[in-house]
Novice: 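Dropping a structure here in C-alpha cells format, bear with me for questions.
Each chain gets a letter, A, B and so on, in the order its sequence line appears, and its residues count up from 1. Atoms considered below: every heavy atom in the structure, side chains included; atoms not considered: hydrogens, waters and symmetry mates. Everything quoted here is computed from the prediction, not taken from an experiment.
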Amino acid sequence: MARIAPLSGFPEWLPDARIVEQHVLDTLRRTFELHGFAGIETRAVEPLEQLLSKGETSKEVYVLRRLQAEDDAPADRSGQLGLHFDLTVPLARYVLENAGRLAFPFKRYQIQKVWRGERPQDGRFREFTQADVDVVGAGDLPYHFEVELPLVMADALGRLAEVGLPPVRILVNNRKVAEGFYRGLGLTDVEEVLRQIDKLDKIGADAVGDLLQEQCGATADQARACLALAAISGADVGVIDAVRELAAVHGSGTDLLETGLAELGALIEAAAVRAPGVVVADLKIARGLDYYTGSVYETVLVGHEGLGSICSGGRYDTLASDGKNTYPGVGLSIGVSRLVSRIVAAGLVRATRSVPTAVLVAVVTEEDRAASDAVAAALRARGIPADVAPKAAKFGKQIQFADRRGIPFVWFPGDRAGSVKDIRSGDQVDADAATWEPPAADLWPRAVPAV
RNA sequence: GUGGCUAUAGCUCAGUUGGCAGAGCGCCUGGUUGUGGUCCAGGAGGUCGCCGGUUCAAGCCCGGUUAGCCACCCCA
C-alpha cells in the first residue's frame, strides 16, 4: 500500500497530460498577446486584509505562517499574509501600486496558480491555474471594452477547437438590466433576488418562485415577473425587445434598465458579427452580479454544462481606488485546470507522445555508446529532440523502450551512416544524422483530438 | 463547515452465511540467442487505509479515526 496518498484538490498531471496543458497555456498566451494584452506576474501572497476586503466575501483563504513563528499568534489579521484566491485582487493592488508607471487603459493578461480552501470535487480544486485578461481604465472605461473582452476569450477558446476542445457558449447578462428591472417592479433587495435566481438550474422555477416570495418579500406577481425575465435568452437583439415588452407589461421600466439594455444590445450585436453563435444573452445569469456593475459573463463547454463555468468575469466600476482616483475594469478568467482536467479525463484531447524525444538512438554495445551519443548530438544540433537508449539491450527491447513513450523513430548506428526506423509503420531507411529530418508533425509532441 | 457513500495488487474491481487473498489489465522472464507490437508458457507483486473491540476464527460484524468521491455552501 502506498504510504503517500495524493492530496485531493492539488492536481498533478502525468507528462502526456502536461503536454496538453502546456498547449492550452501556449495558445491562451499567444491569443492574448495577439489582442494586445501585456503579460504580468504578481507575487503569490497578499496582505490578508486586502484579500478579505473585496466585497467582504467569505472566501476560503489559505493563510501563510512561518514555522518558527511564536505559537501565540496575534488574533488580529494585521500583517498576516494569505495566498491569493484569484488574480483580480492582486491586479487591483498592482494597479494602485504602479499607477504612475502604467499606461491606461491598461490591458494585461496573467496566468498563475491560485488557491482556495474549499472542498474539492470533480473540476473543483484547491490549487489551480487561472488565465486572466483584464482592461483597467483610469477614471473611466468605455463600454466597448465590455464587448471586446468576451470576444478575446471566444477567440482563445476557439483556437483550441483544432485540438479537440468542444464548442463553448459565453452567456452574458448585465447588472443594470437585472437591477433596473427588479427596482422597476418594486423589489429593493436586488442581491437577494439574484441569489434566488441563481438557483434556477438546480431547483427549478417553482421552487425559486416560492423563495422569491419567502426571502425577498415579492408578491406572486413580482415573482412571476422575475422568473419571466430569467427565462429570456437568445443570440440576437430580439432578447432586448423581449425584455422591454416584459417591462412594459409589468410597468417596470426604468432608466437603469434602458441603459443596461442598450449595453447588452450592443454586445449581442457586435458578437453576432465577430463570433457568431458563441455569445448568448441569458437573463438568468446571476452569479457575480452582486459585485459586478455592468456586463457579467459565464462560459460553458457545450456537452459539459455540468462541469460549471470554465471562464467567468464581468465589469467592476471600482476595480481599484486610492480615494482620489478610481480604476474601473472589465475582464474574464479561464479556469485552466478545470478545462484541462475535463478534456483529458473525458478523452477529448491527447498528446502525440509522453516525451519530447523524436528519435531514440539505439546502442549496439556499451563499447559503441560514443557512436550513438555522436548521432544524438548531430540530430540535436539541427533541432531534432533525440535521446540515447539507456542500455545496450536487445534491439527489440530498445524499440519497445521507444514504443512505450510514443517516440516515433529509432536510429540504428552503422559503420558509415546508419538507418532510421519509423516504428509505427515499420519502414526503415538508411540515413545520415547530418541531413535526415523527421516529418514536421513528428518533430515535437503535440496536442491532438483524441478521437 | 454540514450531510451521504466508499477504502482489497501499480490500475479497474470481485470476494457468498465470518473459515487458506482473487480476476482482468499492466509489469518481468522465456519461446524468438541483437528489430518491438500478436500469440503461447511461466513469474513477481498484498500491513485487505489506520487504531481498537466482538469471536475458536474478521477483508467481511461493531466503535473510532484518516483519506477519497459525491451533494450543499461557494466558485474557475
Novice: Decide whether a cation-pi geometry holds between A/R183 and A/F181; the criteria are a distance under 6.0 Å from NZ or CZ to the six-membered ring centre and an angle within 45° of the ring axis.
Specialist: no
Novice: Would you say the base of B/rG36 and the side-chain of A/D403 have a donor-acceptor pair closer than 3.5 Å?
Specialist: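 Answer yes: a donor N or O sits under 3.5 Å from an acceptor.
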Novice: Suppose we define a pair by two distances each less than 3.5 Å, Watson-Crick or G-U wobble; what does B/rG24 pair with here?
Specialist: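 Partner of B/rG24: B/rC11.
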Novice: Look at A/K202 and B/rC72 and indicate whether a side-chain polar atom (N or O) is within less than 4.0 Å of OP1 or OP2.
Specialist: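 It does, given that an N or O in the side chain of A/K202 lies less than 4.0 Å from OP1 or OP2 of B/rC72.
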Novice: Looking at B/rA67, I'd like to know if its phosphate oxygens (OP1 or OP2) sit under 4.0 Å from a side-chain N or O belonging to A/S8.
Specialist: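 The answer is no; no side-chain N or O of A/S8 sits under 4.0 Å from OP1 or OP2.
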Novice: For A/T357 and A/R353, work out which heavy atoms get closest and say how close.
Specialist: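 Nearest heavy atoms, A/T357 then A/R353: O-NE, 2.9 Å.
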Novice: Quick check for you: among B/rC74, B/rU29, B/rA76, whose closest atom lies nearest to any side-chain atom of A/K397?
Specialist: B/rU29
Novice: If B/rU54 has a Watson-Crick or G-U wobble mate with both distances under 3.5 Å, name it; if not, just say none.
Specialist: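 B/rU54 is paired with nothing.
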Novice: Taking atom C1' in both B/rC75 and B/rU12, what distance in whole Å separates the two?
Specialist: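 The answer is 32 Å between these two C1' atoms.
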Novice: Side chain of A/K394, heavy atoms from C-beta onward: which of B/rA76, B/rC73, B/rU33 has the nearest atom to it?
Specialist: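 Looking only at heavy atoms from C-beta outward on A/K394, the closest nucleotide is B/rU33.
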Novice: Under 4.0 Å: is that the gap between some side-chain N or O of A/R195 and OP1 or OP2 of B/rC74?
Specialist: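 No.
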Novice: Of the listed nucleotides (B/rC75, B/rC72, B/rC28), which one gets closest to any side-chain atom of A/R404?
Specialist: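 Side chain of A/R404 sits closest to B/rC28.
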Novice: Counting Watson-Crick and G-U wobble pairs only, both distances under 3.5 Å, name the nucleotide matched with B/rA44, or none.
Specialist: none
Novice: Give, for atom CZ of A/R338 and atom CZ of A/R124, the distance between the pair rounded to the nearest 0.5 Å.
Specialist: 7.0 Å
Novice: Would you measure the distance from the P atom in B/rC48 across to the matching atom in B/rG59 and give it in whole Å?
Specialist: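 My reading of the P atoms in B/rC48 and B/rG59 gives 8 Å.
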Novice: Does the Lys NZ or Arg CZ of A/R424 fall within the cation-pi geometry relative to A/F409 - under 6.0 Å from the ring centre and within 45° of the axis?
Specialist: yes
Novice: So does A/K391 have more than 12 non-hydrogen atoms from other groups sitting under 6.0 Å from NZ?
Specialist: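 No, the 6.0 Å shell around NZ holds no more than 12 heavy atoms from other groups.
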Novice: Check whether the side chain of A/Q398 and the base of B/rU35 form a donor-acceptor pair under 3.5 Å.
Specialist: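 No, the side chain and the base share no sub-3.5 Å donor-acceptor pair.
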Novice: Can you tell me which nucleotide in B/rG68, B/rU2, B/rA76 comes closest to the side chain of A/R119?
Specialist: B/rU2
Novice: What interatomic distance, in whole Å, is found between C1' of B/rU29 and the corresponding atom of B/rC69?
Specialist: 39 Å
Novice: Return the pairing partner of B/rA71 with a 3.5 Å limit on both distances, Watson-Crick or G-U wobble; otherwise return none.
Specialist: B/rU2
Novice: Are A/F125 and the base of B/rA76 stacked, counting only ring centres nearer than 5.5 Å and planes tilted under 30°?
Specialist: no
Novice: Does a distance-only test, which skips hydrogens and angles, find a donor-acceptor pair under 3.5 Å between the side chain of A/R124 and the base of B/rA76?
Specialist: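 Checked by distance alone, the answer is no.
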